[in-house]
Amino acid sequence: MMSDKTVQHVDEVSPSHSKVLVVMPTYNEIDNLRTTISGIFSSTRDAEVLVVDDNSPDGTGRMADFIAQGEPRLHVLHRQAKNGLGPAYLEGFHWALDRRYDVVCEMDMDGSHRPLDLARMLDVMERNPHVDLVIGSRRVKGGQTVNWPLLRDVISRSGSWYARRMLGLPVKDVTAGFRAYRSDLLREIDLDGIEANGYVFQVDMTRRAHQVGARILEIPIAFIERTHGNSKMGSGIVLEAMMRVTVWGAERMVKRS
């Protein structure tokens with residue numbers, strides 16, 4: 001069992017070498033694919049990328065296959081249809097665990113997450129072997145969103161606040177999708193029991209990590225509004241998140257009573 005606490009500081013220790021995989025679900029991201037992958041490989045020492053494509057009509061999956069022919073650090077996993085963010089990440093996690101990667105990351109393909117911030121997150125994890133999960137956070141000091149509409153920012157902040165209060169989580173950016181997990185933590189979490197699909201998947205992963213006593217560290221990042229393609233955020237995703245967090249919160253209260 002992992003120690004039940006959230007890490008509040010970063011220790012300076014000698015880094016060790018880890019086998020790293022960045023899992024990136026895609027659907028119609030052909031305009032962002034080459035730039036994002038190139039940025040990751042330029043910014044990180046030897047991290048590999050797994051594109052999990054949901055049969056994108058714009059040819060994202062085919063383009064990823066083409067790039068992978070000349071880039072051994074890029075892998076592509078094809079799914080038959082658009083089936084949600086959560087299931088895409090879970091397939092990527094299982095793929096990574098089966099191949100014994102040490103660190104497994106979540107990162108958006110749309111350019112919202114900067115490769116230089118990924119490099120910082122991996123450096124923090126390498127230097128702090130006691131940290132189980134590093135979250136690239138918009139909500140800690142130094143974190144920010146760039147070019148976001150006011151309404152979207154309000155919804156995001158309100159959603160994180162509600163999830164923290166209902167679930168008792170010591171994480172400020174509960175819905176963040178920019179993360180680095182140690183594989184040992186993913187093995188301890190019941191991945192097969194996760195049913196959350198949209199962005200509430202991130203909330204579910206956070207609460208499950210906290211439940212098993214994961215040591216979590218948030219570091220500030222800049223989240224940049226996409227310039228190509230369309231956001232997958234919709235009212236149905238927000239409603240799903242609210243409903244599931246409310247149910248989980250009620251279950252938590254019953255267990256404590």
Side-chain angles (χ1 to χ4, degrees), residues 1-13 85-86 89 93 103-108 113 117-118 120-145 153-191 193-196 198-223 238 240-257:
M1 180 66 69
M2 298 175 182
S3 174
D4 187 7
K5 64 179 180 179
T6 300
V7 173
Q8 301 295 333
H9 62 280
V10 177
D11 295 329
E12 294 295 328
V13 299
L85 182 72
Y89 269 126
F93 291 167
V103 176
V104 185
C105 304
E106 298 181 18
M107 185 174 178
D108 290 349
H113 298 150
D117 286 328
L118 173 66
R120 290 174 52 240
M121 292 164 62
L122 292 174
D123 183 63
V124 167
M125 182 156 275
E126 286 287 347
R127 293 179 177 277
N128 293 269
H130 57 284
V131 174
D132 304 302
L133 167 60
V134 174
I135 296 178
S137 178
R138 301 159 290 185
R139 306 306 179 200
V140 296
K141 183 178 180 180
Q144 61 179 314
T145 58
D153 195 45
V154 169
I155 291 173
S156 174
R157 289 179 182 274
S158 299
S160 275
W161 177 86
Y162 184 67
R164 286 201 313 271
R165 294 298 297 270
M166 289 294 290
L167 305 178
L169 299 174
V171 174
K172 292 187 179 297
D173 199 349
V174 179
T175 62
F178 199 7
R179 303 176 176 218
Y181 292 92
R182 295 219 185 265
S183 57
D184 286 345
L185 172 57
L186 292 179
R187 290 188 181 95
E188 189 160 355
I189 293 174
D190 178 20
L191 295 178
I194 295 177
E195 297 179 355
Y199 286 86
V200 73
F201 169 78
Q202 309 297 359
V203 180
D204 199 6
M205 288 294 293
T206 306
R207 77 182 186 103
R208 288 171 183 264
H210 181 60
Q211 286 171 351
V212 300
R215 292 152 295 193
I216 304 170
L217 175 66
E218 294 182 88
I219 69 169
I221 58 103
F223 186 101
V238 175
E240 178 197 14
M242 290 289 293
M243 291 178 61
R244 286 189 178 269
V245 167
T246 301
V247 170
W248 293 333
E251 291 173 348
R252 174 174 171 265
M253 292 175 189
V254 169
K255 290 178 181 178
R256 293 178 61 186
S257 63

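Predicted model, so just to flag it, every value in this text is computed and none were measured. When a residue number appears, it is its place in the shown sequence, counting from 1.
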Would V103 and L122 count as a side chain to side chain contact (heavy atoms under 4.5 Å, CB included) if you check the C-alpha gap in whole Å, the side-chain angles of each, and the deciding distance to 0.1 Å?
CA-CA 9 Å; V103 176; L122 292 174; 4.1 Å; yes
For L85 and Q202, what are the C-alpha separation, side-chain angles and deciding distance, and is it a side chain to side chain contact (heavy atoms under 4.5 Å, CB included)?
CA-CA 10 Å; L85 182 72; Q202 309 297 359; 4.2 Å; yes
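Between R244 and V203, every side-chain heavy-atom pair lies at or beyond the 4.5 Å cut-off. F178 has its side chain out of reach of D173: every pair of non-hydrogen atoms, C-beta onward, lies at least 4.5 Å apart. You'll find the side chain of L169 stays beyond 4.5 Å of the side chain of Q211, heavy atoms only. Side-chain contact between F93 and E106 is present, with heavy atoms from C-beta onward closer than 4.5 Å. You'll find the side chain of R179 reaches within 4.5 Å of the side chain of T206, heavy atoms only. Residues K172 and R138 fail the side-chain proximity criterion, which asks for heavy atoms closer than 4.5 Å. Side chains of S137 and V171 form no contact here, defined as non-hydrogen atoms less than 4.5 Å apart. Looking at heavy atoms from C-beta onward, H113 lies out of side-chain contact with L118 at the 4.5 angstrom threshold.
Within the structure, no pair that satisfies the ring-ring contact (aromatic ring centres under 6.0 Å, His included) test touches residues 156-175, not counting sequence neighbours.
Heavy atoms only, all atoms of each residue included: D132 and M125 are closest at O-CE, 3.8 Å. Nearest heavy-atom pair, S156 versus T175, reported as atom, atom and distance to 0.1 Å: OG-OG1, 4.3 Å. The minimum heavy-atom distance linking G143 with P220 is given by the pair N-CB, 3.3 Å. Between I194 and M205, the closest heavy-atom pair is CD1-SD, 3.3 Å. Between M121 and G136, the closest heavy-atom pair is CE-N, 3.7 Å. Of all heavy-atom pairs between R182 and N128, the closest is NH2-O, 3.0 Å.
Judged as a side-chain contact (heavy atoms from CB on, under 4.5 Å), and not counting sequence neighbours, the contacts of Q144 are V146, A222.
If you check the side chains of R164 and S160, you find no donor sitting under 3.5 Å from an acceptor. No side-chain donor-acceptor contact under 3.5 Å links R157 and T145.
Within 6.0 Å of atom CZ in R165, 12 or fewer heavy atoms from other residues, nucleotides or ligands are found, so the atom counts as exposed in its surroundings.
Once rounded to the nearest 0.5 Å, the distance linking CD1 of I135 with CD1 of I221 reads 11.0 Å. Annotation: the span from L185 atom CG to I216 atom CD1 amounts to 8.0 Å, rounded to 0.5 Å.
Side-chain atoms of E218 never come within 3.5 Å of backbone atoms of V140 as a donor-acceptor pair (strictly under, hydrogens ignored). Checking side-chain atoms of R207 against main-chain N and O of A163 turns up no donor-acceptor pair under 3.5 Å.
With salt bridges taken as basic N to acidic carboxylate O contacts below 4.0 Å, none links R120 and D123. The existence of a salt bridge linking R139 and D153 is confirmed by a sub-4.0 Å separation between a basic side-chain nitrogen and an acidic carboxylate oxygen.
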